[in-house]
**Student:** 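One structure coming up, written as structure tokens, with questions to follow.
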Amino acid sequence: MKPNHILCILLFTVVSCKTDFLERTPSDFINEKEVFTNIANAESCVNNAYNHLPDFLTMSGNPPNAYNLGAATDEMAYMHTYVYSAREFNTGSWNPSAFPMQWLWADYYRAIRRINLFLANYDLIPEEVSSGGSSRKRRLLGEAHGLRAFYYFQLFKMWGEIPIVDQPLDPSAEGEIMLERSTIDQVIGFIKSDIDQAVSLLPPRLDNSQFGRMNATIAKALWSRVTLYYASPLFNPENDISRWAKAADAAKEAIDFALQAGHSLSQGDAGGKKAYERIFLELNNPEVIWAKNLTTQTGTYVNGPEAWDFFSSSLGYGGWYGFGPLQEMVDSYEMINGEIPITGYGNGGVPIVNPASDYDPTQPFLNRDPRFYQSVLYHGALWQGRTINVAPGGLDNNTSDRSRINYFCRKYLDEGHNLFTNTGTSYRRYAIIRLAELYLNYAEAVNETGDQPGETFAAVNLIRQRSDMPALPEGLSQTQLRERIRHERKIELAFESHRFWDVRRWKIAEQVDNGPVRGIAVRSDGTFSYPVFETRLFDKTKHYLFPVPQSEIDKNDRLSQNPGW
């Protein structure tokens, strides 16, 4: 079959960005042979596939609405009223014809088609060897396989069984694109094949001029994530322990490979910033294995770091206040002694205090896990030279138009950015994979095998020690350790778009994403209350996987729908 040459034109609609490899000048109306016999044009074909990597905010709708995916789970609340946003996930008002993120099916397959077109024409690309002896053509081949593996994983975690397309099918040829969904095992096997190819073709790291491009360390880290999901209850209902063992091996191999490549956990204070917050504000933090290297364009808005500042900040700071951490998320941050402060809420929304925690209800933000202060802005916190005030009459009490959570995200936020004048902003990179995740992947997988509990404790404690938190108590059972590992992921990876998928793969969303969620209010006498912000709905019969878009099923009668939809 012949790919539609006209579609090649679409391959070169490149977003103009600060990153060199995304600033290539688009080619004009040329055929495939002319495209791929020029290595710069061939590289542009791969470059376009990078445009679909996740960013600071999830985009939904047309025109697009932006939100952090944590607002669709028990991390945060979404306070705007736009459709096709986190709100539909929380209310259960989504269906195969209209739901948030539904266009990602088409977006990811579009990226995959670009990659397949590149692979189909790879032999036409001329060799180009740099002065250092590396092959640009070989590198691009490795990147193509690694990116295709990533996008198939993205599709897999949303929809489970998906069609595998390994060649540039011609949309104009009837019958050629009527593909059935492949089994989970087939999808994972295909991803593994692509990752193996990427690892064999790519160096462990590239120089800073190529920052953000796929490399062998990224590919190995991706395989750790893939195997962890594949072993988890959603995709492993019979709890095949051998899958957990493979996930443990993949995580350990990825950790060792990353360390050898020069990555390390962010440690120590520098430039007035703590080790943890440095991860999200430094351009080249050693913990970050893969980051999206895109930012806002001059005079335009995209879902990059500048937008994150606006959506995360209160109106009192010139922000749009689109989302903020839930009270339940704040309660998840331990006291400095390692104890959870609040275990629930009684009648009238009165907090149930853990007596072992030394929590003081009159000073609820005192003596918490240091990551709390580096991730959340709260009433009384100092920010941009003044104290945040959500009390009645305070600059940050913005409840006249709608209910508010009265907490704000601090992680990734640039304190130097004046939102009123939109000046002083800094360029930040969204971390897709970082080393701490690999340690947590390893701890979880080893614990589920039932072997080597010492390895599990050591991996989690590395993360906790970095933030001056006490080590996990000894003698925990496998079940107790499972809960501590899951809790550690919630805190360490907060607001980084992990929790939404974690509670699904663990099949606990039916507990944590159902029922009332709370914010905080300050009374006129300075005391606190914790009103219900909204009541959420998660249907365990269908919400664990996305529905296949109805528009895709209408086009392809071989495409089956997910259960419950």
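All heavy atoms count here, side chains included; hydrogens, waters and symmetry mates do not.
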**Student:** If you count the non-hydrogen atoms of other residues, nucleotides and ligands that lie under 6.0 Å from CG in D525, is the total more than 12?
**Tutor:** yes

**Student:** So which pairs with a foot in residues 490-517 pass ring-ring contact (aromatic ring centres under 6.0 Å, His included), sequence neighbours left out?
**Tutor:** F89-F500, W501-F546

**Student:** Does CZ in F528 sit with more than 12 non-hydrogen atoms of other residues, nucleotides or ligands closer than 6.0 Å?
**Tutor:**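 It does: F528 CZ has more than 12 such atoms within range.
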
**Student:** Charged N to carboxylate O under 4.0 angstrom, E444 versus R505?
**Tutor:** yes

**Student:** Verify salt bridge (Lys or Arg N to Asp or Glu O under 4.0 Å) between D74 and R499, making sure each step is shown before the conclusion.
**Tutor:** CA-CA 8 Å; D74 62 344; R499 181 72 175 172; 2.9 Å; yes

**Student:** Got a donor-acceptor contact below 3.5 angstrom from the N461 side chain to the F457 backbone?
**Tutor:**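 Judged by distance alone, yes, a pair lies under 3.5 Å.
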
**Student:** Please, which pairs that meet salt bridge (Lys or Arg N to Asp or Glu O under 4.0 Å) have at least one residue in residues 75-96, sequence neighbours excluded?
**Tutor:**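 As it turns out, there is no salt bridge (Lys or Arg N to Asp or Glu O under 4.0 Å) pair with a partner in residues 75-96 once direct neighbours are skipped.
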
**Student:** To the nearest 0.5 Å, how far apart are CZ in R536 and OG1 in T73?
**Tutor:**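 Interatomic distance, R536 CZ to T73 OG1, rounded to 0.5 Å: 7.5 Å.
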
**Student:** Scan side-chain atoms only and decide if S266 and N285 contain a donor-acceptor pair under the 3.5 Å cut-off.
**Tutor:** yes

**Student:** Taking all atoms of both residues into account, what is the closest heavy-atom pair of I491 and S332, and its distance?
**Tutor:**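 It is CD1-O, 3.6 Å.
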
**Student:** Mark yes when over 12 heavy atoms from residues, nucleotides or ligands other than K542 sit less than 6.0 Å from its NZ; otherwise mark no.
**Tutor:**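 It does: K542 NZ has more than 12 such atoms within range.
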
**Student:** With E334, which residues qualify under salt bridge (Lys or Arg N to Asp or Glu O under 4.0 Å), at least two apart?
**Tutor:**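 Partners of E334 under the salt bridge (Lys or Arg N to Asp or Glu O under 4.0 Å) test: R464, R484.
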
**Student:** Determine, using ring centers only, whether F323 and Y67 are less than 6.0 Å apart.
**Tutor:**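 No.
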
**Student:** What distance do S403 atom OG and M79 atom CE have between them, rounded to the nearest 0.5 Å?
**Tutor:**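 S403 OG to M79 CE: 10.0 Å, rounded to 0.5 Å.
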
**Student:** When you compare the side chains of N293 and Y427, does any donor N or O come within less than 3.5 Å of an acceptor on the partner?
**Tutor:** yes

**Student:** Can you check whether Y378 and W383 have ring centres sitting under 6.0 Å from each other?
**Tutor:**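 Not under 6.0 Å, so no.
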
**Student:** Hey, are Q327 and Y407 close enough side-chain-wise for a donor-acceptor pair under 3.5 Å?
**Tutor:** yes

**Student:** Going by the ring-ring contact (aromatic ring centres under 6.0 Å, His included) test, which pairs reach into residues 325-347, not counting sequence neighbours?
**Tutor:**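 Applying ring-ring contact (aromatic ring centres under 6.0 Å, His included) to every pair that reaches into residues 325-347, excluding sequence neighbours, yields Y333-F372, Y345-Y530.
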
**Student:** Among pairs that include at least one residue of residues 343-359, which meet salt bridge (Lys or Arg N to Asp or Glu O under 4.0 Å), considering only residues two or more places apart or in two chains?
**Tutor:**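 Those involving residues 343-359 do not exist here.
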
**Student:** So which atom in I289 and which in A258 form the shortest heavy-atom distance, rounded to 0.1 Å?
**Tutor:**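 In this case the closest contact between I289 and A258 is CD1-CB, 4.1 Å.
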
**Student:** Rounded to the nearest 0.5 Å, how far does OG1 of T425 lie from CZ of F310?
**Tutor:**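 F310 atom CZ to T425 atom OG1 measures 8.0 Å (nearest 0.5 Å).
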
**Student:** Taking the cut-offs as 6.0 angstrom to the six-membered ring centre and 45 degrees off its axis, would you call R429 and F211 a cation-pi pair?
**Tutor:** yes

**Student:** Could you list all the salt bridge (Lys or Arg N to Asp or Glu O under 4.0 Å) pairs where at least one residue sits in residues 371-391, not counting sequence neighbours?
**Tutor:** D369-R371, R371-E488, R371-E492, R386-D396

**Student:** With respect to Y442, which candidate in K252, E437, E455 satisfies the side chain to side chain donor-acceptor pair (under 3.5 Å) definition?
**Tutor:** E455

**Student:** Could you verify whether a donor N or O on one side chain and an acceptor N or O on the other, from W244 and N239, lie under 3.5 Å apart?
**Tutor:** yes

**Student:** If you apply the rule ring pair (Phe, Tyr, Trp, His ring centres under 6.0 Å), what do you find for F153 with W223, and how did you get there?
**Tutor:** CA-CA 10 Å; F153 171 69; W223 182 237; 9.7 Å; no

**Student:** When you check the side-chain N and O atoms of N418 and T423, is any donor under 3.5 Å from an acceptor?
**Tutor:** no

**Student:** Is it the case that the ring center of Y230 lies less than 6.0 angstrom away from the ring center of F156?
**Tutor:**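 No.
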
**Student:** Do the ring centers of F56 and F311 come within less than 6.0 Å of each other?
**Tutor:** no

**Student:** Please name the residue in the list K411, Q374, Q267, E287 that meets the side chain to side chain donor-acceptor pair (under 3.5 Å) test with Y276.
**Tutor:**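 Running side chain to side chain donor-acceptor pair (under 3.5 Å) over K411, Q374, Q267, E287 with Y276 returns exactly one hit, K411.
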
**Student:** Are W94 and H543 near enough that their ring centres are under 6.0 Å apart?
**Tutor:**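 Yes; H543 has its ring centre under 6.0 Å from that of W94.
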
**Student:** What I want to check is whether the side chains of D414 and S426 have a donor and an acceptor closer together than 3.5 Å.
**Tutor:**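 Distance-only check passes for D414 and S426.
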
**Student:** Is E282 salt-bridged to R278, cutoff N-O under 4.0 Å?
**Tutor:**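 A salt bridge is present here (some side-chain N lies under 4.0 Å from a carboxylate O).
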
